[in-house]
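Below is one structure, written out as structure tokens; the observations come after it.
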2 protein chains.
Amino acid sequence: MSVPCICTTLRSASRRMIAFYDETIAPVGVNIAQFSLMRSIARVEPVTLTALGRRVELDRSTIGRNVRVLEKMGLVELGRGEDQREATVSLTEAGHKVLEDGAPLWDGAQKSLDDRLGVEFMRQLHDALDSL
Amino acid sequence: MSVPCICTTLRSASRRMIAFYDETIAPVGVNIAQFSLMRSIARVEPVTLTALGRRVELDRSTIGRNVRVLEKMGLVELGRGEDQREATVSLTEAGHKVLEDGAPLWDGAQKSLDDRLGVEFMRQLHDALDSL
DNA sequence: CCTCATCGCGGGCATATACCCGCACCCATG
DNA sequence: CATGGGTGCGGGTATATGCCCGCGATGAGG
């Protein structure tokens, strides 16, 4: 009866981890969701909102809104694809700089978790979460 | 380099699991966050917002807002504690009914995951997430 | 009995996220 | 070349969540 469902446990763990990573990455001025999205953009820029959404498994409208916040921060710029319907996103120089500066912080967070819980454990957890 | 951090993986898994549970529990008219919160309330009602927040590790203001949504839905009712500052929450009859009706759905979701991934795997995953 | 630090809340602000609607654009078919 | 189905987006709506500020209630000291 008192056993919470895996969903609740997962949500809770997710919130804790987000807080941890947000704090870690804060010095460069973005949160982990933004940093993560920017990393995804960097891999395929320029990319349309829909394509990006499919890659990161987020609703297109979510991508659109999150990207607009990054645009206001001057970290990404929007453009037009050949297809006039498409809106494309690319990182600005400032955006690339944020990724560069954030990388060591991000690595540090990852490493501190690996140290605390073990690389093998983290790898297995990673695989387990992907299989859900 | 292409290895996403555990945080991203966790957030992604969390979103998928929320979608799955939301769909499962939808017939009773609430989402998994609300259902989960109501289960927590049921265990200790009546309870103050702050105390509830501490129990479920959510910010008090988040609790307040989420509870107000449930109140508008007629599933919980707010009251005053002896301490005039305190706002207390309890489930209404309708609220208890939702928990009752939702329980088998919730169990079904849990079971389908256990069947697909194995009880032992789920237990380990659960423990792993709690340790984060 | 009167401060003053503390505590509990509501409300403001910002982001993340999903779903739905309507508009504009593209292209294959007739 | 005209039309209609499909596609990409923006905007509206709603929930979840955190942080911060200010107000009112409490209670420990003086």
Side-chain angles (χ1 to χ4, degrees), chain A residues 7-8 10-23 25-26 29-38 40 46-73 75 78-89, chain B residues 7-8 10-23 25-26 29-38 40 46-73 75 78-89:
Chain A
C7 182
T8 303
L10 197 47
R11 293 200 319 131
S12 182
S14 182
R15 282 195 303 269
R16 284 197 299 275
M17 201 55 71
I18 288 170
F20 174 58
Y21 271 83
D22 273 357
E23 197 175 346
I25 206 73
V30 297
N31 63 34
I32 190 60
Q34 297 168 331
F35 190 74
S36 172
L37 182 58
M38 288 173 66
S40 295
V47 59
T48 69
L49 301 188
T50 296
L52 183 55
R54 268 196 270 267
R55 278 184 75 87
V56 299
E57 296 184 278
L58 283 176
D59 191 87
R60 187 194 47 67
S61 66
T62 297
I63 295 290
R65 273 183 272 272
N66 293 0
V67 153
R68 231 170 299 150
V69 172
L70 292 175
E71 188 192 21
K72 256 186 280 182
M73 298 169 73
L75 303 178
L78 295 174
R80 283 281 152 194
E82 292 180 33
D83 185 328
Q84 288 303 300
R85 290 169 300 183
E86 296 176 340
T88 63
V89 206
Chain B
C7 182
T8 303
L10 198 47
R11 292 200 320 132
S12 181
S14 183
R15 283 195 303 270
R16 284 196 300 276
M17 201 55 73
I18 288 171
F20 173 59
Y21 270 84
D22 273 356
E23 197 176 345
I25 207 74
V30 297
N31 63 33
I32 191 60
Q34 296 168 331
F35 190 75
S36 172
L37 182 58
M38 287 173 65
S40 295
V47 59
T48 69
L49 301 188
T50 297
L52 182 56
R54 270 197 270 266
R55 278 185 75 85
V56 299
E57 295 183 277
L58 283 176
D59 191 87
R60 186 195 48 64
S61 66
T62 298
I63 295 289
R65 274 184 285 267
N66 293 0
V67 153
R68 231 171 299 149
V69 172
L70 291 174
E71 189 191 20
K72 257 186 278 183
M73 298 170 73
L75 302 179
L78 295 174
R80 282 281 152 194
E82 291 180 32
D83 185 328
Q84 287 304 299
R85 290 169 299 183
E86 297 176 341
T88 63
V89 204

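Here is how names work: the chains are called A, B, and so on, in the same order as the sequence lines, proteins then strands, and each is numbered from 1.
B/R80 comes within 4.0 angstrom of no nucleic acid atom, judged by non-hydrogen atoms across all strands.
With sequence neighbours excluded, the residues satisfying side-chain contact (heavy atoms from CB on, under 4.5 Å) with B/T48 are B/T50, B/A51, B/E86, B/T88. Shown here are the side chain to side chain donor-acceptor pair (under 3.5 Å) partners of B/R54, two or more places apart in sequence or in another chain: there are none. Every residue meeting the side-chain contact (heavy atoms from CB on, under 4.5 Å) condition with A/A33, not counting sequence neighbours, appears here in chain and number order: A/N31, B/R11. Applying the side-chain contact (heavy atoms from CB on, under 4.5 Å) criterion to B/R68, with sequence neighbours excluded, gives B/R65, B/E71. In this view, A/R55 and A/R43, A/V44 satisfy the side-chain contact (heavy atoms from CB on, under 4.5 Å) rule, not counting sequence neighbours. Considering only residues two or more places apart in sequence or on other chains, B/D83 meets the salt bridge (Lys or Arg N to Asp or Glu O under 4.0 Å) condition with B/R85. Taking the salt bridge (Lys or Arg N to Asp or Glu O under 4.0 Å) definition, one finds that A/R16 meets it with B/E57, sequence neighbours left out.
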### Task
Using a 4.0 Å cut-off on protein heavy atoms (strictly under), produce a 5'-to-3' string for nucleotides 14-24 of chain C with B for base contact, S for backbone-only sugar-phosphate contact, and - for none.
-SSBBB-----
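In this structure, A/Q84 and B/T48 both approach DNA chain C, and ranking their closest nucleotides by distance from the 5' end singles out B/T48. In terms of position along DNA chain D, the nucleotide closest to A/L49 lies nearer the 5' end than the nucleotide closest to the other residue of the pair A/L49 and B/D83.
Close approach of DNA chain D to chain A, defined as any atom under 4.0 Å from a non-hydrogen atom of the protein, starts and stops at D/dG6 to D/dG18.
Proximity of B/V56 to B/I63: side-chain heavy atoms (C-beta onward) are separated by under 4.5 Å at one or more points.
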